[in-house]
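Here the structure comes first, spelled out in structure tokens, and everything after it is commentary.
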Amino acid sequence: MSLILPKHTLSRRRLLQLSGLSGVGLLLNGCGSSFFSDSVGPIFEPLNQSLEALLLTPKPVPEFPISAIEPDNLLVNTFDFTPQIDPVQFRLTIDGEVNNPMQLSMADIQKLPLTSMVIRHVCVEGWAAIVQWGGVRLKDLVALVQPKSNVRYVYFKSADNYYESWDIASAVHPQTLMAYQKNGQALSADNGAPLRLASPIKLGYKQSKWVTQITLVSNLLPIKGYWEDKGYEWFGGL
Ligand SMILES: Nc1nc2c(c(=O)[nH]1)N[C@H]1C(S)=C(S)[C@@H](COP(=O)(O)O)O[C@H]1N2
Ligand SMILES: [Mo]
């Protein structure tokens with residue numbers, strides 16, 4: 001498999017073991033490293049003290065039943081062009097102030113636990129839609145790369161030159177996903193395939209499509225986001 005880890009290598013079996021654990025267990029189970037072999041031990045250790053405190057307090061946003069999905073209401077909102085990305089060639093880079101930077105294929109990502117949620121997507125241009133998103137919790141990806149304790153922000157780079165930045169607490173919220181499914185089907189190119197952000201706690205413009213790189217940092221740069229740098233509010237909370 002093509003999971004690339006500079007220091008540690010996850011076998012397919014280890015990834016499957018990992019996928020059987022709940023997200024909370026993955027991050028907070030401090031005795032995990034004695035249970036698993038040394039090669040995967042680090043990913044079962046706590047993220048770190050300061051990030052754990054954030055994980056204990058997130059408020060879950062109420063979700064909708066499947067019957068509430070509004071399949072026609074999610075308008076495609078793309079400002080530049082729609083990148084056509086080969087899902088087999090695609091690699092998601094996760095780097096920055098982390099101990100284990102990684103490049104993950106879609107096959108790697110799809111071995112991690114799948115979370116599905118029905119939430120409202122809200123665009124500041126005046127429309128909203130109830131959508132089902134399926135994907136991997138961003139916090140599970142963050143745990144894999146072992147962020148350093150000073151990490152406070154996350155940058156997202158997209159294949160259409162769009163870019164975004166989020167606070168770490170919102171990024172590791174249990175309902176913040178890197179989604180590869182919409183309304184029960186594989187994500188389309190228009191909606192951000194192969195991988196996009198989806199979260200009920202942020203406005204539409206924060207939810208980058210075609211994400212190719214996730215970078216964890218301790219400080220925000222002067223460049224914050226495609227719309228933020230044109231005057232939109234940075235936090236973009238819902
Ligand atoms: N890379 C990228 N991500 C993006 C955009 C974009 O133009 N490029 N548009 C944003 C806006 S304003 C919204 S409302 C949603 C729309 O998602 P959709 O096109 O899947 O409905 O994507 C967001 N993410
Ligand atoms: Mo939007």
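Heads up: numbering here begins at 1 and tracks the sequence. All figures in this text were calculated on a predicted structure; none of them were measured in a lab.
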Provide the closest heavy-atom pair for Asp190 versus Trp210 in the form atom of the first, atom of the second, distance.
O-CZ2, 3.8 Å

Kindly assign one of parallel, tilted or perpendicular to the pair Trp166 and Phe156, based on the angle between their ring planes and the thresholds 30° and 60°.
perpendicular

If we ignore angles and hydrogens, is there a donor and acceptor under 3.5 Å between the side chains of Thr93 and Gln103?
yes

Ser116 side chain to Gln181 side chain, donor-acceptor N/O pair below 3.5 angstrom
no

Would you say CD1 of Ile223 has more than 12 non-hydrogen atoms from neighbouring residues, nucleotides or ligands within 6.0 angstrom?
no

Using only atom types and a distance under 3.5 Å, with no angle test, would you say the side chain of Glu63 pairs donor to acceptor with the backbone of Ile119?
no

Gly96 backbone acceptor or donor facing Lys148 side chain under 3.5 Å
no

Could you see if Leu197 belongs to whatever hydrophobic cluster contains Ile201? Use Ile, Leu, Val, Met, Phe, Trp, Tyr and a side-chain cutoff under 4.5 Å.
no

Check for a donor-acceptor pair, side chain of Arg152 on one end and backbone N or O of Ser218 on the other, with a separation under 3.5 Å.
no

Evaluate the criterion side-chain hydrogen bond (donor to acceptor under 3.5 Å, both in side chains) for residue pair Lys209 and Ser158; output intermediate values, then yes/no.
CA-CA 7 Å; Lys209 304 190 280 190; Ser158 295; over 6 Å; no

Cationic tip of Lys230 above Tyr232 ring, under 6.0 Å, 45° of axis:
no

Lys206/Glu228 under salt bridge (Lys or Arg N to Asp or Glu O under 4.0 Å): CA gap, chis, key distance, verdict
CA-CA 9 Å; Lys206 300 296 293 184; Glu228 291 84 337; 2.8 Å; yes

Electrostatic pair Lys157-Asp95, nearest N-O below 4.0 angstrom:
no

Plane angle bin for Tyr162 and Phe79 - parallel if under 30°, tilted between 30 and 60°, otherwise perpendicular
parallel

So, Gln207 versus Glu164: side-chain donor-acceptor pair below 3.5 Å or not?
no

Does NZ or CZ of Lys224 fall inside the cone over Tyr163's six-membered ring, less than 6.0 Å from its centre and within 45° of the axis?
no

For Ser188 and Asn191, indicate whether the former's side chain and the latter's backbone hold a donor-acceptor pair under 3.5 Å.
yes

